[in-house]
Amino acid sequence: MKISLIDHILENNRQKYSVSQLDGKFLKYTDDGWLVFGRGRRGGRVFGLMCLASPQRPQYNGGVIRNPELNDGLKGWSTFGDAKIEHRKLGNNNFIVANSRVHSYDSVSQNLYLQKNKIYTFSAWIQVSKGRFQYQLFSRLKQGTYMLVLFLPSPIAGPCLKVASLLMPQASPAQLYFESNNTLIDIWVDSISLQPFTKKQWMSHQDQAIEKTRKTKVRIQAVDSQGKPLSNANISIKLKKASFPFGCAINKNILYNNAYQKWFTSRFTVTVFEDEMKWYSTEPSQGKVDYSVPDAMLQFAKKNNVLVRGHNVFWDDPKYQQGWINSLSPTDLSKATTDRINSIMSRYRGQVIGWDVVNENLHFNFFESKLGQNASAVFYNLAQKIDGTSTLFLNDYNTIEDGRDDDSTPANSAAPNLAYMRASIDTLAATNFPIWLTEVDVQSGPYQAQYLEQILREGHSHPKVAGIVIWSAWKPQGCYRMCLTDNNFKNLPTGDVVDKLLARQIAVKSLAGRTDGNGFFEASLSHGIYSVKIHHPSAKKFSLFQKLNVVSSTGAANPTLLMRFAT
């Protein structure tokens, strides 16, 4: 799976960031916090989060954690390793400190018992005595005990809320502790929470989140020409266009296959081209640029009111560079990249909703290795100047579902760890940048469709996910990893999952009912544009039609749609 988020490395960004160079990283500070953006150990970007002046109350009142706010001294807490722990108070706030640390694992600890098949969400407010830190939650089985380790390897300011989650494969005693390779720092902890959920409870939370963030309750009232309510009026509501961008990748096969076109356009509102916009496709030989295929695909999308993401301008993976690129000197490569970004972005300026300016540069650094560590910054700055109306994205994989991949954290198991996924999106969402799930797929296997449904529900229910695109472009020889249909465009189980999500949550096609005694009809509708038809027995040969635009209510109810009959 891939996730994209807006990249604000731009020096000329509308937000007033100051940009400085420090140890190979670009640090950007805001008035109310800070955000770090830079290169990882293999060229990968690093993100930090804004911190608060003081910790907030623990989530879920601490869940199964004893004495989560440290209001009862050290009750429930003990030393892990050789650290010394003490209870402190600053103002009205109590917290616990682990100091005199000799080993990385020397810290504070609490013994727990975790239940099988429960989903646990963890959070804590953490600060260090000096310097800065970042976090990642590790968990492992050790001699029958489940170890929950909050690892603090490198810089951020505190106190910050750290969130992570896990799915218990088996019941087990557990120890929660904190770890840092820097033994010179003291670790301060407060407002700790570990809350278990059953899978049913987890799904209920998803449904509640969808109702709250993706739908709005609307009221329709039918009245006669004198304003008198009309009861028992027949109401039919039909969706014309869903607001939430939900789509699937396509390739050039769609241009020549009517069955493919019909299947695709009846479902999706956004797409991305699998390979056809990539540099190796449009300029396989130096100087011979051909946009005929992406041009045709873009026209197909426009004709069918499907939005397009620009994928991609550059790909940082060295194995996907055309041969002539590798032979260029740094000077010639710099000119070639400038020509490329000007060529494709000028051609499609204003025709795509966003650009994956550099693809997979958390994992790879081809252009950085050739042009210097600020290569991506140069590309994004130029991209902003060429097409400043489109969103510029960082697009990479393993960012929210694979905690084993150090290059793309935050982001653990053969089955989707939904708790980890939610916590990872929460972490990225703290940057306040819109997030898209851009290349969603699941490995083949007996539970492929089930896992796909879990992932799509989790993504759609998260309020900070601004769009979802499945990576399942059809080819007669088979899709990249996951197909939604067979070669006759009959749904596979994965395709049924997509249709189920569309029909029940994203794009409910139609709804019907009758007005009550006061002429009202109420419904919870997904955001989008609808056509409303009302017929009343008093108007024997007359039906009334009206357009209805359902948008986010932000806490206030949408105004009542009044439909007046000239009876």
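Quick caveat: nothing in here was measured; it's all calculated off a predicted structure.
Under a 3.5 Å cut-off, the side chain of Ser461 and the backbone N or O of Ala209 do not form any donor-acceptor pair. Checking side-chain atoms of Gln221 against main-chain N and O of Gly519 turns up no donor-acceptor pair under 3.5 Å. Judged by distance alone, with hydrogens and angles left aside, the side-chain atoms of Gln201 form a donor-acceptor pair with the main-chain N or O of Thr198 at under 3.5 Å. Although no hydrogens or angles enter the test, the distance criterion places a donor-acceptor pair under 3.5 Å between the side chain of Ser191 and the main chain of Gln56. At distances below 3.5 Å, at least one donor-acceptor pair connects side-chain atoms of Gln351 with backbone N or O atoms of Arg347. Ser193 places no side-chain N or O within donor-acceptor distance of the main-chain N or O of Ser123, the cut-off being under 3.5 Å. The backbone N or O of Ala242 lies less than 3.5 Å from no partner atom in the side chain of Tyr530, so there is not a single donor-acceptor pair. Remark: side-chain polar atoms of Thr271 are paired, donor with acceptor, to backbone N or O of Cys248 under 3.5 angstrom. A side-chain donor-acceptor contact under 3.5 Å links Glu276 to the backbone of Lys252. Using modelled atom types, one side-chain atom of Ser526 and one backbone atom of Gln505 make a donor-acceptor pair closer than 3.5 Å.
At a threshold of 4.5 Å between non-hydrogen side-chain atoms, the residues Leu255 and Met297 count as touching. Contact of the Ile192 side chain with the Phe122 side chain is registered, since non-hydrogen atoms from C-beta on lie closer than 4.5 Å. Between Gln206 and Glu458, some side-chain heavy-atom pair lies under the 4.5 Å cut-off. Side-chain contact between Thr515 and Phe520 is absent, with no heavy-atom pair separated by less than 4.5 Å. Counting heavy atoms from C-beta outward, Ile250 and Glu274 have side chains that stay 4.5 Å or more apart.
Aromatic ring pairs are classed by plane angle as parallel below 30°, tilted from 30° to 60° and perpendicular above 60°; the pair Tyr260 and Phe264 is perpendicular. Classification of the Phe489-Trp474 ring pair by plane angle, with boundaries at 30° and 60°, yields tilted. Ring pair His311/Trp471 is perpendicular by interplanar angle, where above 60° counts as perpendicular and below 30° as parallel.
Atom NZ of Lys238 sits in a sparse spot, with 12 or fewer heavy atoms from other residues, nucleotides or ligands closer than 6.0 Å. Residue Tyr291 qualifies as enclosed at atom OH: its count of foreign heavy atoms under 6.0 Å is above 12. More than 12 non-hydrogen atoms from other residues, nucleotides or ligands lie less than 6.0 angstrom from NZ of Lys475.
With no hydrogens or angles considered, a side-chain donor-acceptor pair links His462 and Asp426 at under 3.5 Å. In this model, a donor atom of one side chain and an acceptor atom of the other lie less than 3.5 Å apart for Trp315 and Glu360. Side chains of Asn488 and Asp486: no donor on one and acceptor on the other come within 3.5 Å. In summary, the side chains of His527 and Ser552 do not present any donor paired with an acceptor at a separation below 3.5 Å, with no hydrogens or angles considered. Counting only N and O atoms by type, the side chains of Ser524 and Glu211 include a donor and acceptor under 3.5 Å apart. A donor atom on one side chain and an acceptor atom on the other are found under 3.5 Å apart for Asp387 and Thr389.
Residues Tyr60 and Phe197 bring their aromatic ring centres within 6.0 Å. Taking the six-membered ring for Trp and the full ring otherwise, the centers of His460 and Phe244 sit less than 6.0 Å from each other.
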(request) Mind running salt bridge (charged side-chain N to carboxylate O under 4.0 Å, His left out) on Asp207 and Arg457 for me, showing each step along the way? (result) CA-CA 9 Å; Asp207 292 337; Arg457 280 178 54 89; 3.0 Å; yes
(request) Could you please spell out the steps behind the salt bridge (charged side-chain N to carboxylate O under 4.0 Å, His left out) verdict for Lys217 and Glu522? (result) CA-CA 7 Å; Lys217 290 183 179 180; Glu522 296 188 3; over 6 Å; no
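The side chain to side chain donor-acceptor pair (under 3.5 Å) with Asn359 is formed by just one residue from the set Asn395, Thr438, Asp396; it is Asn395.
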